[in-house]
Protein chains: 2
Amino acid sequence: MAEGQTGPGGESLLFLTDDQLRKGIEAMFFAYRGFTADPDRILAEKGYGRAHHRAIHFINRAPGTTVNNLLSILGVTKQSLNRVLRTLIEDGLVESRVGSRDKRERHLYLTETGEALEAELSTAQRARMRGAFRQAGPEAVSGFRQVLEAMMDNDMRRHYARLMDNG
Amino acid sequence: MAEGQTGPGGESLLFLTDDQLRKGIEAMFFAYRGFTADPDRILAEKGYGRAHHRAIHFINRAPGTTVNNLLSILGVTKQSLNRVLRTLIEDGLVESRVGSRDKRERHLYLTETGEALEAELSTAQRARMRGAFRQAGPEAVSGFRQVLEAMMDNDMRRHYARLMDNG
DNA sequence: AGTTTATGTCAGCCTTGTTGACATTCCAAG
DNA sequence: CTTGGAATGTCAACAAGGCTGACATAAACT
């Protein structure tokens, strides 16, 4: 089904065949492994996991963010995040400051040590992304980001857009 | 560092700034969540997880594949895969046939029930991919796949290429 | 006959997701 | 002002699905 149609306007829809879609799906699967491979190696050495990386990344992106905001970005339960945050705080990578306006809130910051790990992780991950971008070229990069953005759920796209504004 | 250089040939390297790379990284993170969201919901209803989906997908792609081949594609340990395969076989979604040439090997096939679940999962996942492809357009899709392929590790790219040939 | 290869299984550990129960803090309605 | 609900964060316990290591079996290769 859905093989090589042509739309009402006459534009080629070859890229929407089930076969093309399946290629996109498998590309996404294999590429995500490459995407996480380098940070995973670094994290494993230090006894951390991907969850720690995600927390560190977004704390670095928005220093002083609250636990609740982080929860919403990461899309996990607060209990799950809390476990990760606790080890990062114990290990001195993250600092948690009680909110001045609202004392229920905890504002999160990377310490110097935390920033060092963040730099190590993001340098490795950027190197991989840079290689892929360079190899594929600027046109391809633009398409890459368009498709990814269209693949997000609405709330994720909201978070994504907000981060793009800040950065 | 790496802000808006121009290469020796004069071509713009704006898309290789740390900022652009970071956007690519975050897009990849949020998009992968969308990518898995629909299958995850279906799987959760039936008491399966992503690991089962991956096994089902690649058995469907290459019926009769051996356990070892699947291990290499999925990049997990045999113990991990075995646990998943065992439940799929017990539940009658996958059939394991002893090899005729080499009786050590087990060749894996989806049963009718297995094919039904595969269809349900891949239909949902294709719908998401189709929406993203349609929204972004054929040029973007081409770029998307170029960047993803360039992001893979070599052995993943090998598996990917082999699957593309078959398909 | 002995070695290697492919597979399966058991036990046990870790990360990271989940839910449930609970403490603290804030705010607003009475 | 007090009290009750909402928001925020912590602790405990459990499950899925990674991992390693040890071991059994059977077939193939030398």
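Order of the sequence lines sets the chain letters (A, B, ...), proteins ahead of strands, with each chain counted from 1. As a basis for the values below, the full set of heavy atoms in this structure was taken, side chains included, without hydrogen atoms, waters or symmetry mates.
Applying the side chain to side chain donor-acceptor pair (under 3.5 Å) test to B:Y160 and every residue at least two apart in sequence or in another chain returns B:R145. For the side chain to side chain contact (heavy atoms under 4.5 Å, CB included) test, residues two or more places apart in sequence or in another chain that qualify with A:A31 are B:M28, B:L148, B:M151, B:M152. The side chain to side chain donor-acceptor pair (under 3.5 Å) test applied to B:Q146 returns B:S142, not counting sequence neighbours. The side chain to side chain donor-acceptor pair (under 3.5 Å) check on A:D155 picks up nothing, with sequence neighbours excluded.
Within the 4.5 Å cutoff, side-chain heavy atoms of A:F58 are placed close to those of B:E26.
Using a 4.0 Å heavy-atom criterion, one finds that B:G47 contacts no nucleic acid atom at all. Nucleic acid contact for B:H52: sugar-phosphate only, since backbone atoms but no base atoms lie under 4.0 Å from a heavy atom of the residue.
Looking at residues 81-88 of chain A, you'll see A:N82, A:R83, A:R86 sit with a heavy atom under 4.0 Å from some atom of DNA chain D. The stretch residues 27-43 of chain A has no heavy atom under 4.0 Å from DNA chain C, so no residue of it qualifies as close.
Using a 4.0 Å cut-off between a side-chain N of Lys or Arg and a carboxylate O of Asp or Glu, B:E120 and B:K46 qualify as a salt bridge. Using a 4.0 Å cut-off between charged nitrogen and carboxylate oxygen, B:R157 and B:D153 do not count as a salt-bridge pair. A salt bridge links B:R41 with B:D38: at least one charged nitrogen is closer than 4.0 Å to a carboxylate oxygen.
One can place CG of A:L71 at 10 Å from P of D:dT10, the figure rounded to the nearest angstrom.
Every pair passing ring pair (Phe, Tyr, Trp, His ring centres under 6.0 Å) that includes a residue from residues 104-140 of chain B is listed here, sequence neighbours excluded: B:F133-B:F144.
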At under 4.0 Å between heavy atoms, which parts of nucleotides 24-30 of chain D does protein reach? Answer with one letter per nucleotide, 5' to 3': B base, S sugar-phosphate only, - none. --BBS--
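With a heavy-atom cut-off of 4.0 Å to chain B, the contacted part of DNA chain C has its first and last nucleotide at C:dT5 to C:dC10.
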Could you walk me through whether A:D18 and A:R22 satisfy the salt bridge (Lys or Arg N to Asp or Glu O under 4.0 Å) test, starting with their C-alpha distance in whole Å, then the side-chain angles of each, then the deciding distance to 0.1 Å, before giving a yes or no? CA-CA 6 Å; A:D18 284 3; A:R22 201 208 58 223; over 6 Å; no
Which donor-acceptor pairs under 3.5 Å do side chains of residues 96-103 of chain A form with protein atoms, sequence neighbours excluded?
unit_1: A:R97; atom_1: NE; unit_2: A:E95; atom_2: OE2; d: 3.3
unit_1: A:D102; atom_1: OD1; unit_2: A:R104; atom_2: N; d: 2.9
unit_1: A:D102; atom_1: OD1; unit_2: A:R104; atom_2: NE; d: 3.1
unit_1: A:D102; atom_1: OD2; unit_2: A:R104; atom_2: NE; d: 3.4
unit_1: A:D102; atom_1: OD2; unit_2: A:R104; atom_2: NH2; d: 2.8

Enumerate donor-acceptor pairs with a distance under 3.5 Å from any side-chain N or O in residues 76-85 of chain A to protein atoms, sequence neighbours excluded.
unit_1: A:T77; atom_1: OG1; unit_2: A:S80; atom_2: N; d: 3.4

Just list the side-chain donor-acceptor pairs under 3.5 Å for residues 48-55 of chain A, sequence neighbours left out, or say none.
unit_1: A:Y48; atom_1: OH; unit_2: A:D91; atom_2: OD2; d: 2.4
unit_1: A:R50; atom_1: NE; unit_2: A:D40; atom_2: OD1; d: 3.3
unit_1: A:R50; atom_1: NE; unit_2: A:D40; atom_2: OD2; d: 3.2
unit_1: A:R50; atom_1: NH2; unit_2: A:T36; atom_2: OG1; d: 3.2
unit_1: A:R50; atom_1: NH2; unit_2: A:D40; atom_2: OD2; d: 2.8
unit_1: A:H52; atom_1: ND1; unit_2: A:G49; atom_2: N; d: 3.0
unit_1: A:H52; atom_1: NE2; unit_2: A:T87; atom_2: OG1; d: 3.2

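With the nearest nucleotide of DNA chain C identified for both B:T66 and A:V76, B:T66 has the one nearer the 5' end.
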